[in-house]
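Here's the structure, in structure tokens; my notes come after.
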Amino acid sequence: MDGGASRIDQQLITFADGLQACPYLPSQVARMPLMVSRHAISPSDLDQLLSCGYRRSGNYFYRTRCPACQECVPVRVRAGDFPVRPSFRRILNRADRELEILYGEPMAGPERLELFNHHRHERSLGEHSATVEDLESFLVESCVESIEVQFRFEGSLAAVAIADLGQSSVNAVYTYFHTDFKRFSPGTLAVLEFIRLAKQTKRTFVYLGLFVAECRHLNYKSRFWPQERRLGEQWLRFDTAD
């Protein structure tokens with residue numbers, strides 16, 4: 001382990017740990033210790049955490065430590081090297097023509113809660129409805145600089161995407177959307193918007209979260225290539241889709 005990785009690991013304290021049912025592969029047992037930082041996390045600290053494979057959820061960071069499975073693979077793209085292929089260009093052009101794209105701070109409230117629960121139910125992401133407090137703890141509370149991107153169609157909230165901003169990175173946290181607006185490919189659109197943001201702000205990486213080949217909610221990330229995947233302690237480049 002290099003010195004930077006060792007330093008950032010020492011900055012974190014375990015808040016909760018234990019085995020649980022895997023949220024991505026039902027046949028597996030997961031271990032995802034939740035960590036908190038000993039002190040404020042700077043933009044460069046966030047870059048280092050993401051480079052070491054950490055993900056953020058609310059005020060916590062985690063890395064998978066599963067006992068018998070290594071299918072969760074952190075994925076990132078280099079914004080400057082990412083080609084906007086014709087299919088992606090069509091998604092961006094349609095969004096620019098038909099959607100209002102608004103940047104701001106992450107928020108909760110009745111409108112977002114209704115959209116979030118619709119997204120969860122329609123995509124079978126949970127049996128119970130979330131509360132405003134659930135939404136706040138998951139997507140509004142943050143220990144780093146975070147942003148929200150709203151996508152609105154004729155005033156209606158079609159999708160919301162949350163991201164973190166590091167010194168040299170944009171970290172895609174979560175996107176939720178209404179299925180009535182699937183024609184805009186909201187999940188793909190959010191990633192393309194974050195890549196566009198990274199290019200405009202001269203940030204190097206866009207972190208896409210975890211890729212799991214056998215999970216339909218996560219395997220779409222293979223569409224964004226060339227990409228890098230963290231296998232073991234190394235980031236390896238993949239030049240084509242799986």
Side-chain angles (χ1 to χ4, degrees), residues 1-38 41 45-77 116 119-120 123-128 130 134 137-139 141-144 146 162-164 166 169-176 187 191 205-225 227-238 241-242:
M1 181 180 293
D2 63 38
S6 177
R7 181 190 65 79
I8 208 69
D9 279 326
Q10 292 171 6
Q11 179 176 326
L12 301 176
I13 304 170
T14 301
F15 174 80
D17 194 1
L19 300 179
Q20 64 185 77
C22 179
Y24 311 129
L25 299 174
S27 62
Q28 296 294 337
V29 174
R31 181 185 169 213
M32 301 179 181
L34 293 178
M35 318 288 286
V36 293
S37 178
R38 297 174 186 270
I41 297 173
D45 286 339
L46 176 61
D47 292 340
Q48 188 66 52
L49 284 163
L50 295 170
S51 180
C52 290
Y54 283 96
R55 301 295 302 153
R56 183 185 68 80
S57 178
N59 286 314
Y60 306 104
F61 285 90
Y62 66 92
R63 282 191 302 190
T64 56
R65 290 288 184 269
C66 305
C69 179
Q70 296 182 344
E71 292 300 309
C72 288
V73 180
V75 177
R76 69 187 185 187
V77 298
F116 182 75
H119 177 85
R120 282 170 53 85
R123 294 174 64 81
S124 301
L125 295 173
E127 297 180 1
H128 306 291
D134 294 331
S137 65
F138 179 34
L139 294 179
E141 295 177 5
S142 178
C143 50
V144 297
S146 301
I162 306 295
D164 301 328
S169 62
V170 176
N171 176 42
V173 175
Y174 196 78
T175 298
Y176 57 102
V191 172
F205 296 111
V206 177
Y207 286 83
L208 306 185
L210 299 175
F211 168 77
V212 180
E214 300 302 320
C215 177
R216 65 186 179 91
H217 299 303
L218 299 178
N219 59 16
Y220 75 93
K221 296 169 187 178
S222 64
R223 301 173 195 161
F224 301 96
W225 51 269
Q227 64 180 231
E228 296 177 5
R229 299 180 185 176
R230 194 173 191 271
L231 301 173
E233 300 293 322
Q234 300 183 69
W235 288 95
L236 303 179
R237 180 174 168 124
F238 289 75
D242 291 339

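Count residues from 1 along the sequence.
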Any side-chain heavy-atom pair from Pro74 and Leu210 closer than 4.5 angstrom?
yes
Could you please spell out the steps behind the side-chain contact (heavy atoms from CB on, under 4.5 Å) verdict for Gln48 and Ser169?
CA-CA 10 Å; Gln48 188 66 52; Ser169 62; over 6 Å; no
Please check if any side-chain donor atom of Tyr62 sits under 3.5 Å from a side-chain acceptor atom of Arg55, or the reverse.
no
Under 3.5 Å: donor-acceptor pair, side chain of Arg56, backbone of Gly58
yes
Residues which pass ring-ring contact (aromatic ring centres under 6.0 Å, His included) with Phe224, listed by chain and number, not counting sequence neighbours
Phe88
Holding to salt bridge (charged side-chain N to carboxylate O under 4.0 Å, His left out), I want the full list of residues that pass it with Arg123, two or more places apart in sequence or in another chain.
none
All ring-ring contact (aromatic ring centres under 6.0 Å, His included) counterparts of Tyr176, not counting sequence neighbours:
Phe116
Sidechain-backbone polar pair: Trp235 side chain, Ser51 backbone, donor-acceptor under 3.5 Å:
yes
Among residues at least two apart in sequence or on other chains, which ones pass salt bridge (charged side-chain N to carboxylate O under 4.0 Å, His left out) with Glu71?
none
Among pairs that include at least one residue of residues 15-38, which meet salt bridge (charged side-chain N to carboxylate O under 4.0 Å, His left out), considering only residues two or more places apart or in two chains?
Asp17-Arg31
With Ile162 as reference, evaluate Asn171, Thr175, Val173 under the side-chain contact (heavy atoms from CB on, under 4.5 Å) test and give the passing residue.
Val173
Please determine whether the number of non-hydrogen atoms from other residues, nucleotides or ligands lying under 6.0 Å from atom CD of Gln20 exceeds 12.
yes
Can you name the residues that form a ring-ring contact (aromatic ring centres under 6.0 Å, His included) with Phe138, not counting sequence neighbours?
Tyr174
